> 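Structure below; questions to follow.
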Amino acid sequence: MAIFRKEADMQKWLSDELETACGLADLIINDDYIADFEAKTKEEIRFKASFESCIKALYMNEVISIDENISETKGEGLKPDFTLYAPDWEGIVLVELKNAKGATREAGTELSAYACEIKTYMPLLSDGDLYNVIISPVWPTLIKHHIFHDIFWSQRNVICLEPVEVSGKIKLRVVDIPTLLAADTAMKISD
């Protein structure tokens with residue numbers, strides 16, 4: 001049984017939680033997973049670095065917008081689920097929520113579009129100052145490949161979280177890195 005009936009329910013839950021939390025990390029039950037994860041391959045090393053970069057930006061957040069159009073162009077609709085500011089790192093956190101397997105294929109495209117639009121407002125903002133968070137209960141092949149491309153090839157900061165129920169409360173859990181690499185996206189170039 002799914003934790004949230006629809007994505008709007010997930011958004012309402014997270015919005016309510018962020019009113020009292022210092023940052024998104026307050027909702028993560030296993031943030032120590034990243035530090036404890038023993039990366040063995042080049043891919044795992046890069047994923048761990050990406051997750052570490054993101055998690056540090058999630059301990060203190062200020063909400064900039066929730067499901068608001070950030071497009072500078074009239075008539076366009078670019079609505080990140082959450083846009084947060086990470087004051088300790090002077091970075092922007094983009095949070096994309098997905099609650100269904102089919103919808104996850106859109107997550108990567110949407111995050112890229114939002115990042116592009118944010119950079120129109122702040123053209124000197126580097127990819128290193130953007131922290132992308134995908135929250136989803138499912139991780140199908142298409143999104144795994146997109147995440148691999150963003151993290152490994154494009155060197156972007158992405159972290160993957162999933163909602164879980166713990167003692168009757170909804171929390172977030174860092175997705176196991178090997179699960180995301182299970183799509184066989186590893187490099188095939190011989191030494």
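We count residues from 1, following the sequence as given. The shown structure was predicted, so the numbers you read here are calculated from the model rather than taken from an experiment.
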> At what distance, to the nearest 0.5 angstrom, does CD1 of I66 lie from NZ of K12?
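These two atoms lie 10.0 Å from each other.
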> When clusters are formed by joining ILVMFWY residues with side-chain heavy atoms under 4.5 Å apart, either directly or through shared neighbours, do I177 and I29 land in the same one?
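Per the 4.5 Å side-chain linkage, I177 and I29 are not co-clustered.
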> For Y59 and L24, indicate whether the former's side chain and the latter's backbone hold a donor-acceptor pair under 3.5 Å.
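No, Y59 side chain to L24 backbone: no donor-acceptor pair under 3.5 Å.
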> Just wondering, do D176 and P178 contact through their side chains at under 4.5 Å, heavy atoms?
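Sidechains of D176 and P178: in contact.
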> Please check if the side chain of E117 supplies one atom and the backbone of L78 the other of a donor-acceptor pair under 3.5 Å.
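Not at all, since once roles are kept as given, no pair shorter than 3.5 Å links the two residues.
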> Grouping I, L, V, M, F, W and Y whenever their side-chain heavy atoms are under 4.5 Å apart, do F37 and V133 come out in a common cluster?
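Yes.
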> Could you check if a side-chain atom of C160 sits within less than 4.5 angstrom of a side-chain atom of I147, using non-hydrogen atoms only?
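Yes, close enough: below the 4.5 Å cut-off.
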> State, yes or no, whether a side-chain contact exists between I92 and M122 at a heavy-atom distance under 4.5 Å.
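When only atoms from C-beta onward are counted, M122 and I92 do touch, with a gap below 4.5 Å.
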> Measure the CG-OH distance between D88 and Y85 for me, rounded to the nearest 0.5 Å.
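These two atoms lie 9.0 Å from each other.
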> Could you report the tightest heavy-atom contact between W139 and E162, atom names first, then the distance?
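W139 and E162 have their closest heavy atoms at NE1-OE1, 3.3 Å.
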> If Ile, Leu, Val, Met, Phe, Trp and Tyr residues are connected whenever their side-chain heavy atoms lie under 4.5 Å apart, and connections chain through other members, are V175 and V166 in the same group?
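As far as the 4.5 Å side-chain criterion goes, V166 and V175 are not connected within one cluster.
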> Where is the tightest heavy-atom contact between A57 and A86, given as atom of each residue plus distance?
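So the minimum-distance heavy-atom pair works out to O-CB, 3.4 Å.
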> For the side chain of D81 and the backbone of D67, is there at least one donor-acceptor N/O pair under 3.5 Å apart?
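Flag not set: sc D81 to bb D67 has no pair under 3.5 Å.
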> Which residue, R156, R46, K144, forms the salt bridge (Lys or Arg N to Asp or Glu O under 4.0 Å) with D150?
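Between D150 and the candidates, salt bridge (Lys or Arg N to Asp or Glu O under 4.0 Å) is satisfied uniquely by R156.
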> Could you see if L97 belongs to whatever hydrophobic cluster contains I3? Use Ile, Leu, Val, Met, Phe, Trp, Tyr and a side-chain cutoff under 4.5 Å.
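L97 and I3: one cluster.
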> I need the S65 OG to F82 CZ distance, nearest 0.5 Å.
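The CZ atom of F82 is 9.5 Å from OG of S65, to the nearest 0.5 Å.
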> Quick one: does N69's side chain have a donor or acceptor within less than 3.5 Å of a partner on E76's backbone?
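At least one qualifying donor-acceptor pair exists.
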> Any side-chain to backbone donor/acceptor pair from D26 onto C22? Under 3.5 Å, distance only.
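Here the side-chain-to-backbone pair exists.
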> For the residue pair P87 and M60, establish whether any side-chain heavy-atom pair is separated by less than 4.5 Å.
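SC-SC contact between P87 and M60 confirmed.
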> Say you draw a straight line from CG of N132 to OG of S112; how long is it, rounded to the nearest 0.5 Å?
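Result: 7.5 Å between the selected atoms.
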> Side-chain contact test, heavy atoms from C-beta onward, threshold under 4.5 Å: evaluate it for V95 versus L84 and give yes or no.
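Heavy-atom side-chain distance check passes, below 4.5 Å.
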> On a heavy-atom basis, which atom in N61 and which in G23 lie closest, and how many Å separate them?
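That would be OD1-CA, 3.4 Å.
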> Are the charged groups of K98 and E96 less than 4.0 angstrom apart, N to O?
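Judged by the 4.0 Å cut-off on N to carboxylate O distance, K98 and E96 do form a salt bridge.
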> Just so I know, are the side chains of L14 and F4 near enough to count as touching, which here means a heavy-atom distance under 4.5 Å?
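L14 does not reach F4 side chain to side chain.
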> Report the residue from L180, N157, L161 that forms a side-chain contact (heavy atoms from CB on, under 4.5 Å) with F51.
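Exactly one option meets the side-chain contact (heavy atoms from CB on, under 4.5 Å) with F51, and it is L180.
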> Short question: side chain of E44, backbone of K40 - any donor-acceptor pair under 3.5 Å?
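It does hold such a pair.
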> Check for me, please, whether I55 and V164 land in the same ILVMFWY cluster - side-chain distances under 4.5 Å, paths through other members count.
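No; V164 is not reachable from I55 via cluster members.
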> Inspect the surroundings of CD in E90 and state if more than 12 heavy atoms from other residues, nucleotides or ligands are less than 6.0 Å away.
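Open.
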> Check whether more than 12 heavy atoms from other residues, nucleotides or ligands sit under 6.0 Å from atom CH2 of W89, and answer yes or no.
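Not buried by this count: 12 neighbours or fewer within 6.0 Å.
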> Looking only at non-hydrogen atoms, find the nearest pair between P163 and P137 and report the distance.
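In this case the closest contact between P163 and P137 is CD-N, 3.9 Å.
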> Could you give the distance from OG (S154) to CZ (F148), rounded to the nearest 0.5 Å?
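That separation rounds to 10.5 Å.
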> Rounded to the nearest 0.5 Å, what separation is found between the OG1 atom of T83 and the OH atom of Y114?
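Atom-to-atom, T83:OG1 and Y114:OH are 8.5 Å apart.
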> When you compare the side chain of K119 with that of L130, does any pair of heavy atoms fall below 4.5 Å?
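With C-beta onward as the side chain, the pair touches.
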> Give a yes or no on whether a salt bridge exists between K48 and D36, defined as a side-chain N under 4.0 angstrom from a carboxylate O.
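Here K48 does not pair with D36 in a salt bridge, since their nearest N and O are not under 4.0 Å apart.
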